[in-house]
Amino acid sequence: IFEYFGKRGSAEEPEEEISASMKKPSEIANKLADHISKVIAMCIMVCVVALPNLGTVLEDSSMTALFSTFSSLSYAETQGTITEACVDELLPTYVDAFYNFYELGPQGTHALELIYHNKTFPPPVEREPPKRKSNEMRIVFTDEVDTDLILVEARFDRGRYKREESMFNILLIVFVLSMLLFFSTSLNANVTAMVVTPLERIMNSLDSKNLQGMDMGDGAVGDGDE
């Protein structure tokens with residue numbers, strides 16, 4: 001039994017060696033794999049460098065933070081912890097700081113209107129409301145008991161921020177398409193150089209040899225006829 005299985009195992013070894021050699025990648029496959037790895041690594045490096053620059057400034061909480069000043073002032077007034085005369089003295093300073101921040105700040109947001117206890121404070125530079133409703137942002141502070149009663153309200157125009165965001169999204173799409181085009185073009189060129197061109201040479205050489213063989217056969221037939 002041991003001798004039988006030993007012979008059987010020794011007989012199967014060449015087949016295993018042949019199958020293992022067939023599973024080994026060829027030289028062309030190794031070259032293509034190396035090229036693809038290099039191109040992918042280069043694309044990743046370019047994306048890491050370029051993608052952070054193809055985006056707008058991250059959303060900040062400046063609108064909510066500045067608006068909380070007026071909401072806190074309104075809450076203190078309604079609770080009676082601050083007098084109305086003190087509110088009238090502090091309110092102009094807060095309003096000027098509020099509008100100056102959005103006029104001089106780097107963000108793409110402009111304050112359109114501020115309403116405090118039904119009293120409207122217009123901006124120093126009047127601006128037209130945005131043509132698209134999606135570009136307008138509205139923040140309100142309501143009463144704790146009567147939630148329908150709006151104590152403080154502010155309206156913002158975010159049209160510039162939205163335009164910049166759309167522009168960077170378009171640039172991002174163009175960048176991704178350019179990277180895909182570069183990768184496909186590079187891969188196509190290398191496959192053509194490594195696979196298609198050698199196969200064409202082999203086929204052309206075979207065709208030329210077949211034609212020579214046919215010519216020699218025709219010459220031999222002609223000599224025999226003579």
Side-chain angles (χ1 to χ4, degrees), residues 42-181:
M42 184 173 62
C43 292
I44 292 174
M45 293 177 64
V46 173
C47 291
V48 169
V49 175
L51 288 181
N53 298 320
L54 295 178
T56 55
V57 180
L58 296 177
E59 282 289 335
D60 57 0
S61 58
S62 60
M63 291 174 291
T64 307
L66 290 174
F67 186 78
S68 63
T69 304
F70 297 97
S71 61
S72 301
L73 189 64
S74 175
Y75 178 79
E77 184 180 1
T78 55
Q79 295 295 323
T81 56
I82 190 172
T83 62
E84 185 176 354
C86 186
V87 172
D88 294 337
E89 182 180 354
L90 294 175
L91 199 56
T93 305
Y94 289 171
V95 171
D96 292 340
F98 177 77
Y99 282 119
N100 289 334
F101 176 80
Y102 291 104
E103 290 298 325
L104 303 176
Q107 66 284 338
T109 304
H110 298 290
L112 297 175
E113 188 180 38
L114 177 65
I115 303 175
Y116 182 87
H117 288 206
N118 296 326
K119 185 178 180 181
T120 303
F121 295 91
V125 179
E126 187 176 357
R127 296 183 179 274
E128 295 182 359
K131 297 180 180 180
R132 299 181 62 180
K133 291 294 183 182
S134 59
N135 293 338
E136 183 176 340
M137 185 175 183
R138 180 171 172 261
I139 302 178
V140 297
F141 174 71
T142 59
D143 187 69
E144 291 184 347
V145 179
D146 187 7
T147 56
D148 294 332
L149 178 61
I150 299 176
L151 300 178
V152 187
E153 178 182 354
R155 293 171 51 242
F156 301 92
D157 180 11
R158 297 179 58 77
R160 177 185 168 190
Y161 179 84
K162 294 292 184 180
R163 288 191 296 270
E164 290 182 357
E165 186 179 22
S166 301
M167 181 186 67
F168 280 114
N169 288 335
I170 293 173
L171 291 177
L172 180 61
I173 293 173
V174 172
F175 174 76
V176 172
L177 292 177
S178 301
M179 296 299 294
L180 292 175
L181 180 62

Point to revise | Which atom of Ala111 lies closest to which atom of Phe156, heavy atoms considered | key: CA-CD2, 3.9 Å

Check your understanding: Does Ser71 use its side chain to pair, donor to acceptor, with the backbone of Ser68 at less than 3.5 Å?
Key -> yes

Review point. Does the side chain of Ile139 come within less than 4.5 Å of Glu153's, by heavy atoms?
Key: no

Review point. Above 12 or not: heavy atoms from other molecules or residues under 6.0 Å from CZ of Phe121?
Key: yes

Review point. Going from CD1 on Ile150 to OG on Ser74, what distance comes out if it is rounded to the nearest 0.5 angstrom?
Key: 12.0 Å

Point to revise | Within 6.0 Å of CD in Glu84, more than 12 heavy atoms from elsewhere | key: no

Point to revise | Leu73 side, atom CG; Cys86 side, atom SG - distance, nearest 0.5 Å | key: 8.0 Å

Check your understanding: Does any non-hydrogen side-chain atom of Ile82 lie less than 4.5 Å from one of Leu90?
Key -> yes

Point to revise | Interatomic distance, Phe141 atom CZ to His117 atom NE2 [nearest 0.5 angstrom] | key: 8.0 Å

Revision key, fill the gap. Across all chains, not counting sequence neighbours, the side-chain hydrogen bond (donor to acceptor under 3.5 Å, both in side chains) partners of Arg132 are none

Exercise for review: Would you indicate whether the side-chain heavy atoms of Val46 and Phe175 approach each other to under 4.5 Å?
Suggested key: yes

**Study point:** Pair Phe98-Phe70, ring-ring contact (aromatic ring centres under 6.0 Å, His included): steps then yes or no
**Key:** CA-CA 10 Å; Phe98 177 77; Phe70 297 97; 5.5 Å; yes

Check your understanding: Can you check side chain to side chain contact (heavy atoms under 4.5 Å, CB included) on Tyr75 and Leu151, steps first, answer last?
Key -> CA-CA 9 Å; Tyr75 178 79; Leu151 300 178; over 6 Å; no

Check your understanding: With side chains defined as the heavy atoms from C-beta onward, is the minimum distance between Tyr116 and Val95 less than 4.5 Å?
Key -> no

Review point. Are the side chains of Asp88 and Thr83 in touch, meaning some heavy atoms are under 4.5 Å apart?
Key: no

Exercise for review: Can you measure from CG (Leu112) to OH (Tyr99) and round to the nearest 0.5 angstrom?
Suggested key: 8.0 Å

